[in-house]
Amino acid sequence: MSELSSRFDPSEIESKWYQHWLDQKYFESTPDERKAYSIVIPPPNVTGVLHMGHMLNNTIQDILIRRARQQGFNACWVPGTDHASIATEAKVVKMLREKGIKKSDLSREAFLDYAWQWKEEYGGIILKQLQKLGASCDWSKTSFTMDAVRSKGVLEVFVDLYNKGKLYRKERMVNWDPEAKTVLSNEEVIYGLEQSKLYKVKYQIEGTSDFITVATTRPETIPGDTALAVHPEDERYTHLKGKRVMVPLINRSVPIIFDEYVDREFGTGALKVTPAHDVNDFDLGEKHNLEVINVFNPDGTMSEAAKIYVGEDRFKVRKAFSKDLEEAGLLAEVQDYQNNVGRSERTNAIIEPRLSLQWYVDMKAICAPALQAVMEDDVEFFPKNQKNIYKHWMENIKDWCISRQLWWGHRIPAWFYGEEIFVATTAEEALAKAKAKYPDISLDDLKQDEDVLDTWFSSWLWPITVFNGFDDPKSLAYYYPTSVLVTGWDIIFLWVARMIMAGFEWTGKKPFDHVYFTGMVRDKQRRKMSKSLGNSPDALKLISDFGADGVRFGMLSCSPAGGDLLFDEKLCEQGRNFNNKLWNALRLIKGWEINDQKPASEADLLAISWIENKFAKLTSEIDGHFKEYRLSEALMTTYSFVWDDFCSWYLEMVKPEFGQAISKETCDATIAMFTKICSTLHPFMPFITEELWHQLGAEGDCILSAYPLSQVKDPQIIENVETLKNIISNVRDVRNKNGLKQRELLPLKAIKSANVEAILSVKGATTLLEQLAFVSEVEAVSEDIGNAVGFLIGTDKYFVVLSKEIDVESDLSEKKKELEYQIGFVNSVSKKLDNANFVAGAPVTVVEKERQKLSDGNERIKILTEEIAKLEALLAN
RNA sequence: GGGAGAUUAGCUCAGUUGGUUCAGAGCACCUCGUUUACACCGAGGGGGUCGGGGGUUCGAGCCCCUCAUCUCCCA
């Protein structure tokens with residue numbers, strides 16, 4: 001007996017095999033004559049740590065890439081990280097603050113030094129963590145969005161867009177993050193209902209002692225009011241035409257304007273207008289030529305223009321104002337209220353609308369081919385329903401604000417000379433352009449834009465730049481378009497849509513053939529996994545508890561495409577148990593003593609042929625699942641094949657009796673089947689399958705073994721064995737119900753029929769019955785024998801002869817139940833067949849089937865009725 | 001306000017073109033079992049009016065209408 005432990009210990013083998021794969025350079029890809037299968041990783045934040053979303057996402061990518069590698073493609077999975085402008089800068093600022101250093105005291109260069117140091121120290125931790133999960137990325141191609149190659153591409157694209165007139169600079173209302181002190185794109189603002197208060201504030205009508213009440217959730221913006229608006233048809237306010245009101249506390253006079261924009265139903269039907277701090281108010285202001293008073297500083301404190309509470313934070317001022325208004329008798333009411341509040345995706349700060357000059361990409365100019373490609377399935381989405389969401393967004397696309405008031409990122413390649421702008425990839429080029437117009441100027445006269453580009457402005461080029469696509473057309477031509485993109489649906493606009501646009505704009509091609517949208521990982525209570533809730537399990541701890549293969553199994557077994565994924569550690573436990581099952585199957589096989597003289601028995605040959613056909617069926621099912629990206633179904637199908645068909649049935653069929661040796665032929669066939677199973681499972685559970693592969697003495701490495709795909713050769717054999725299994729289960733059931741020992745030998749009889757004779761004449765069939773059902777003999781007879789419990793297989797009657805008195809009563813009640821069901825069944829079938837419309841309207845084959853069902857049902861009713869009569873007679877005696 | 005999706009067993013979900021004895025899987029639960037691969041196991045079992053109502057059809061978990069509830073996206 002081998003020295004293998006009965007518990008599989010993944011920790012021993014995971015690092016061993018990962019290192020082996022690395023040493024053999026199996027993950028590395030160079031272009032050759034094979035077809036490429038490529039995936040680019042959605043780059044995680046360079047300073048991030050592995051969380052459940054990454055685990056899911058990267059497990060799926062690894063499954064796809066490993067399977068493609070086994071299928072003979074030149075598989076290439078490019079890993080990398082994103083510089084994550086806002087998130088990383090925020091972390092560095094925080095780290096510096098803890099050291100007592102303020103960002104504002106540092107020069108741009110000094111700050112960037114710190115940032116790069118930070119990146120060198122913490123960057124890439126997440127990639128190391130991915131290796132623990134088994135990710136088979138081509139690490140020699142590891143990329144970073146701020147690498148020289150990637151950066152060059154970013155700047156070139158900016159210049160190209162500018163030259164094509166698809167990029168412009170404009171002052172408009174933006175989403176301002178007061179914490180990061182930068183503008184954000186619409187896609188980076190997350191809206192949610194929040195509990196707040198609705199303040200009803202009284203504005204005095206100038207020259208009278210009358211008041212008009214206005215409802216607002218943001219009283220701190222009152223100093224910025226430059227008008228009060230009502231609906232022109234609102235009878236409550238028609239008398240106010242031409243009047244003015246006093247802004248409370250500030251005592252500034254502003255006009256009352258009439259505009260149909262005002263919602264008469266909301267609040268009091270009167271609206272305060274603050275053009276500097278609300279998008280709609282800004283539009284109203286433009287229409288009515290109102291003054292714009294910006295009462296906030298970039299950090300969200302009150303500005304000089306506010307005149308009061310200067311320098312105080314806006315939320316403190318809200319409270320203070322409320323008190324002041326109350327004391328002045330100008331606060332009519334305060335209600336609890338729920339409203340939609342926008343927060344920064346990165347800092348979670350409440351967003352302030354703010355008027356500001358920024359760079360924009362003219363999206364309408366570049367989106368058409370990207371929309372078409374998805375609608376025509378040239379870029380195919382899985383699941384499909386994301387197409388509609390995409391379409392809706394693309395058809396209502398807004399220009400993309402790409403400048404950010406940060407230092408960490410790609411600095412905007414635009415140089416100013418007074419009011420004039422020169423856009424070029426380097427300062428020297430910009431100078432050359434400037435000199436054409438102003439021959440006397442020098443580099444010192446040009447001032448580069450202080451802002452950096454939105455992180456996504458480099459991400460949208462990722463599928464091109466990771467292959468150095470702007471400088472190396474050969475590499476791009478080989479790997480691009482990539483095969484599939486695997487990502488969460490939450491970044492369909494931030495990233496996916498923009499990559500498709502960039503692809504068409506700069507390569508003339510789509511960036512990927514397929515997009516597989518994963519679900520969001522949530523906890524059992526359907527809450528999003530988050531740090532603040534503390535409900536996110538530690539990914540590395542999970543791996544050490546259940547093994548990487550166990551965790552991969554757990555992630556996948558609950559992950560329908562696009563749907564939410566309710567994560568439960570129990571699933572990893574199931575994965576671990578599955579590993580253990582495989583491990584023990586290995587122990588069984590390795591424990592066999594082999595006799596190379598003995599030929600395989602008929603029963604063995606039957607078992608082998610059956611499992612081979614079952615396996616062939618499995619491979620084509622899996623193939624179908626993969627084509628539709630039904631990965632969890634592919635895994636679960638394999639799981640039940642391995643556990644039920646291979647372990648519970650096949651191994652029990654061929655397992656020699658205690659102390660006996662197994663024939664070499666049978667053993668070899670078993671090992672061959674087991675290695676094929678390893679190949680099939682490898683993409684899902686790479687570590688254990690590689691270990692088993694070698695323990696089984698198979699050639700080469702599992703990771704490169706051909707991915708099995710074959711056709712069922714003999715469907716009849718599958719059917720025959722299903723019948724045998726059915727008989728065996730019934731015999732076991734009879735034992736269970738009659739409290740008999742599992743191993744006690746009992747005779748099995750069957751009433752002679754064509755079916756019975758056919759199944760019993762299958763070579764090896766009776767041996768299998770004897771072995772697995774522990775029957776002493778199998779015999780076809782012409783009539784019933786006493787003290788036996790019967791069961792039906794189709795319309796055939798089998799019975800087990802018991803060694804002790806049968807429990808007539810319970811057998812009888814069971815048979816009665818069965819009869820009742822059959823009668824109901826036959827009734828519904830005959831009703832169908834009695835319906836002339838059905839017989840005339842349904843296809844012949846369907847009608848035929850119904851007829852067959854009816855006659856089978858009637859046959860069973862007949863048998864059951866006889867059986868019941870006999871049992872009742874027995875009871876009467 | 002506009003749009004998308006969902007509702008099937010105690011829980012999480014499959015159910016592909018409307019047609020097999022078709023209402024399924026995993027987990028959970030119950031009974032029995034420590035038989036030499038595995039108790040991280042084995043053998044068996046119970047459990048659902050497919051959200052409500054209506055319609056189309058010979059036939060509906062599946063198609064249509066409607067109502068209810070929930071989730072998400074956009075504004």
Side-chain angles (χ1 to χ4, degrees), chain A residues 1-2 4-8 186-187 191 263 279-280 340 383 385-393 396 398 489-490 492-493 520 522 524 526 546 550 557-560 562-568 570-571 573-592 624-625 628 630 632-633 635-637 639-640 643 647-648 651-652 655 657-659 728-737 739-743 772-774 792 794 821-822 824-826 828-829 831-843 845-850 852-853 856-857 860:
Chain A
M1 181 72 194
S2 58
L4 303 176
S5 146
S6 72
R7 291 273 168 95
F8 171 61
N186 293 333
E187 287 72 26
Y191 291 91
D263 178 1
V279 183
N280 297 313
N340 230 350
N385 62 17
Q386 296 291 335
K387 260 171 85 171
N388 287 327
I389 297 170
Y390 177 87
K391 176 169 183 253
H392 190 257
W393 187 77
N396 297 283
K398 303 265 181 356
W489 49 257
D490 53 331
I492 183 170
F493 309 134
M520 298 286 105
R522 293 169 191 276
K524 272 185 284 183
R526 239 173 235 290
F546 300 106
S557 61
C558 59
S559 65
D564 282 348
L565 184 157
L566 275 61
F567 184 77
D568 185 346
K570 268 245 138 68
L571 295 162
E573 205 175 302
Q574 199 189 340
R576 180 202 60 190
N577 294 353
F578 186 37
N579 280 320
N580 202 51
K581 187 75 183 173
L582 285 161
W583 183 248
N584 277 288
L586 172 76
R587 287 180 67 225
L588 173 70
I589 293 169
K590 290 201 75 156
W592 283 339
H625 289 319
E628 295 296 320
R630 293 191 297 246
S632 67
E633 282 185 61
L635 176 59
M636 289 318 284
T637 313
Y639 172 85
S640 62
W643 201 297
C647 292
S648 296
L651 289 179
E652 294 300 328
K655 189 163 142 185
E657 269 182 67
F658 184 63
I728 292 163
S729 295
N730 273 286
V731 174
R732 286 171 177 169
D733 189 31
V734 169
R735 278 180 207 280
N736 247 328
K737 294 225 165 87
L740 291 169
K741 282 254 182 308
Q742 202 148 51
R743 302 198 143 222
L772 296 182
F774 293 101
L792 285 170
Y821 173 81
Q822 292 296 343
F825 171 70
V826 163
S828 85
V829 177
K831 222 163 101 188
K832 239 191 232 179
L833 284 167
D834 287 347
N835 184 337
N837 286 332
F838 170 70
V839 179
T845 51
V846 173
V847 178
E848 248 342 282
K849 271 178 194 162
E850 292 298 315
Q852 186 63 44
K853 282 198 233 169
D856 285 359
R860 280 192 294 270

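All chains are named by letter (A, B, ...) in the order of the sequence lines, taking the proteins before the strands, and each is independently numbered beginning at 1. Only this structure's heavy atoms are used, side chains among them; waters, hydrogens and symmetry mates stay out.
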Which one, [options], comes nearest to the side chain of [X]?
| X | options | value |
| --- | --- | --- |
| A:Glu633 | B:rA37, B:rU16, B:rA14 | B:rA14 |
| A:Gln574 | B:rC27, B:rA37, B:rC73 | B:rC27 |
| A:Asn580 | B:rA37, B:rA14, B:rC38 | B:rC38 |
| A:Ser729 | B:rG42, B:rG44, B:rC40 | B:rG44 |
| A:Arg732 | B:rA43, B:rA37, B:rG26 | B:rA43 |
| A:Trp489 | B:rC72, B:rA37, B:rG26 | B:rC72 |
| A:Trp643 | B:rG42, B:rA43, B:rA37 | B:rG42 |

Over how many whole Å does the gap from [X] atom [atom1] to [N] atom [atom2] extend?
| X | N | atom1 | atom2 | answer |
| --- | --- | --- | --- | --- |
| A:Leu588 | B:rG42 | CG | P | 13 Å |
| A:Gln386 | B:rU71 | CD | P | 19 Å |
| A:Phe578 | B:rC40 | CZ | C1' | 13 Å |
| A:Arg735 | B:rG45 | CZ | C1' | 18 Å |
| A:Lys391 | B:rG2 | NZ | P | 18 Å |
| A:Lys387 | B:rC73 | NZ | C1' | 18 Å |
| A:Asn584 | B:rG42 | CG | P | 10 Å |
| A:Leu651 | B:rC41 | CG | C1' | 14 Å |

List every contact pair, protein side and nucleotides 3-11 of chain B side both N or O, where the distance is under 3.5 Å.
none

- Is there a side-chain polar atom (N or O) of A:Lys581 under 4.0 Å from OP1 or OP2 of B:rA37?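 No, because none of the side-chain N or O atoms of A:Lys581 sits under 4.0 Å from OP1 or OP2 of B:rA37.
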If you take atom types as modelled and just measure distance, does the side chain of [X] reach the base of [N] with a donor-acceptor pair under 3.5 Å?
| X | N | result |
| --- | --- | --- |
| A:Glu652 | B:rA37 | yes |
| A:Lys570 | B:rC27 | no |
| A:Arg576 | B:rC40 | yes |

- Item | Distance-minimising heavy-atom pair for A:Asn580 and A:Arg7 |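 The answer is OD1-CA, 3.4 Å.
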- Message: Looking at every non-hydrogen atom in both residues, tell me the closest pair between A:Glu850 and A:Val829 and how far apart they are.
- Response: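 Heavy-atom minimum between the residues: O-CG1, 3.4 Å.
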Sticking with atom [atom1], work out how far [N] lies from [M], rounded to a whole angstrom.
| N | M | atom1 | value |
| --- | --- | --- | --- |
| B:rG18 | B:rC62 | C1' | 6 Å |
| B:rG55 | B:rU17 | C1' | 22 Å |
| B:rA28 | B:rU49 | P | 24 Å |
| B:rC40 | B:rG45 | C1' | 23 Å |
| B:rG19 | B:rC38 | C1' | 43 Å |
| B:rA23 | B:rA68 | C1' | 24 Å |
| B:rU16 | B:rG61 | P | 12 Å |
| B:rC22 | B:rA14 | C1' | 13 Å |

- In terms of the angle between their ring planes, are A:Trp393 and A:Phe493 parallel, tilted or perpendicular, with boundaries placed at 30° and 60°?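 A:Trp393 vs A:Phe493 ring planes: parallel.
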- Message: I'd like to know if the side chain of A:Arg576 reaches the main chain of A:Leu571, judged simply by a donor and an acceptor atom lying under 3.5 Å from each other, with no hydrogens or angles considered.
- Response: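 Here the side-chain-to-backbone pair does not exist.
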- Query: Does A:Leu4 offer a backbone N or O that forms a donor-acceptor pair with the side chain of A:Trp583 under 3.5 Å?
  - Reply: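 No, the answer is negative, given that no donor and acceptor are paired below the 3.5 Å cut-off.
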- Is there a side-chain contact between A:Phe774 and A:Arg735 (heavy atoms, below 4.5 Å)?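 Yes, side chains in contact.
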- Below 4.5 Å, heavy atoms only, C-beta onward: do A:Leu792 and A:Asn730 meet side chain to side chain?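 The answer is no; the side chains never approach within 4.5 Å.
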Distance from [X] atom [atom1] to [Y] atom [atom2], nearest 0.5 Å?
| X | Y | atom1 | atom2 | answer |
| --- | --- | --- | --- | --- |
| A:His392 | A:Ile389 | NE2 | CD1 | 10.5 Å |
| A:Gln574 | A:Asn579 | CD | CG | 11.5 Å |
| A:Leu772 | A:Lys655 | CG | NZ | 10.0 Å |

- On RNA chain B, nearest-nucleotide positions of A:Ser6 versus A:Ser640: which is more 5'?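 The answer here is A:Ser640.
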- Between A:Met636 and A:Lys655, just flag the one whose closest nucleotide in RNA chain B comes earlier from the 5' side.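 Closer to the 5' end of RNA chain B: A:Met636.
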- Query: Could you write out RNA chain B as a dot-bracket string, with dots for unpaired bases, | for bases paired across to another strand, and Watson-Crick or G-U pairs counted at under 3.5 Å?
  - Reply: (((((((..((((.....[....)))).(((((.......))))).....(((((..]....)))))))))))).
- Query: Reckon A:Arg7 touches a base, only the sugar-phosphate, or nothing at all at heavy-atom distances under 4.0 Å?
  - Reply: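 Since a base atom lies under 4.0 Å of A:Arg7, the category is base.
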- So what does A:Gln852 touch, heavy atoms closer than 4.0 Å: a base, only the sugar-phosphate, or nothing?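 Contact class for A:Gln852: none.
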- Message: Quiz question: by atom type and distance under 3.5 Å, do the side chains of A:Arg587 and A:Asn584 form a donor-acceptor pair?
- Response: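 Side-chain D/A pair, A:Arg587 to A:Asn584: present.
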- Message: Please tell me whether A:Glu573 and A:Asn577 have a donor and an acceptor in their side chains that are separated by less than 3.5 angstrom.
- Response: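 Absent: no donor and acceptor within the cut-off.
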